[in-house]
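First up is the structure itself, then whatever we jot down about it.
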Amino acid sequence: MTVPEPTGDDLVEIFAALANPLRLRIMAVLVDGRDYVSHLAREIGVSRPLLHMHLQRLEAAGLIAGTLELSDDGKAMKYYEVTDFSLHLTASALAEAAKTLTRPDPGKGPGPKEHSR
């Protein structure tokens, strides 16, 4: 199965997700295999609430996927793993992706849904 080329909006979300050193460390650990939240938090050395925030950002960008499973003792455990993605960045690929942007330019102020009411 071929993974579709990311749109401009996808790339913005992916770049934003990867622009944090802690999220890069999370990705590096998960490349070695799936892991559950508590173990991952200990491995990286952060609190579970902080880890959850970063995991949500990576999952929203489509870089990781989480599944809820029951342990042998009946405890719910959330496992995360890296998704099947591939990014090959070239100047021309970025130019093509930019043509598909639907979100507003941050330099021009908030988009229609972002105006305060």
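Nothing fancy with the numbering, it's 1 onward along the sequence.
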Under the ring pair (Phe, Tyr, Trp, His ring centres under 6.0 Å) test, which residues partner Y79, sequence neighbours left out? Y36

Any residue meeting side chain to side chain donor-acceptor pair (under 3.5 Å) with E96, in chain and number order, not counting sequence neighbours: K99

Output the rest of the hydrophobic cluster of L101: all Ile, Leu, Val, Met, Phe, Trp and Tyr residues reachable through side-chain heavy-atom contacts under 4.5 Å, sorted by chain and number. V12

Can you give me the closest heavy-atom contact between P6 and L87, atom names plus distance? CG-CD2, 3.7 Å

Between V31 and L58, is there a shared hydrophobic cluster once you connect ILVMFWY residues whose side-chain heavy atoms come closer than 4.5 Å? yes

Indicate yes or no for a side-chain donor-acceptor contact from T83 to the backbone of G62 under 3.5 Å, with no hydrogens or angles considered. yes

Kindly list each side-chain donor-acceptor pair under 3.5 angstrom involving residues 40-57, sequence neighbours excluded, with atom names and distances?
| residue | atom | partner | partner atom | Å |
| --- | --- | --- | --- | --- |
| S47 | OG | L50 | N | 3.2 |
| R48 | NH1 | S38 | OG | 3.1 |
| H54 | ND1 | R23 | NH1 | 2.9 |

Using side chain to side chain donor-acceptor pair (under 3.5 Å) as the criterion, list what pairs up with T100, not counting sequence neighbours. none

Return the set of residues passing side chain to side chain contact (heavy atoms under 4.5 Å, CB included) with L70 (not counting sequence neighbours), or none when no residue passes. A76

Excluding sequence neighbours, so at least two apart, what forms side chain to side chain donor-acceptor pair (under 3.5 Å) with N20? none

Shortest non-hydrogen separation from L11 to A97 and the atoms involved: CD1-CB, 3.5 Å

With sequence neighbours left out, write down each residue that passes side chain to side chain donor-acceptor pair (under 3.5 Å) with D73, or none if nothing qualifies. S71

According to side chain to side chain contact (heavy atoms under 4.5 Å, CB included), who are the partners of D72, at least two apart in sequence or on a separate chain? none

May I have all residue pairs that pass salt bridge (Lys or Arg N to Asp or Glu O under 4.0 Å) and include part of residues 60-70, sequence neighbours excluded? R34-E69

Less than 4.5 Å apart, side chain to side chain, heavy atoms only: is that true for M27 and V82? yes

Applying ring pair (Phe, Tyr, Trp, His ring centres under 6.0 Å), name anything that partners F15, two or more places apart in sequence or on another chain. none

Would you please name every residue forming a side chain to side chain contact (heavy atoms under 4.5 Å, CB included) with A91, sequence neighbours left out? none

Is F85 close to L63 at the side-chain level, that is, under 4.5 Å between some pair of heavy atoms? yes

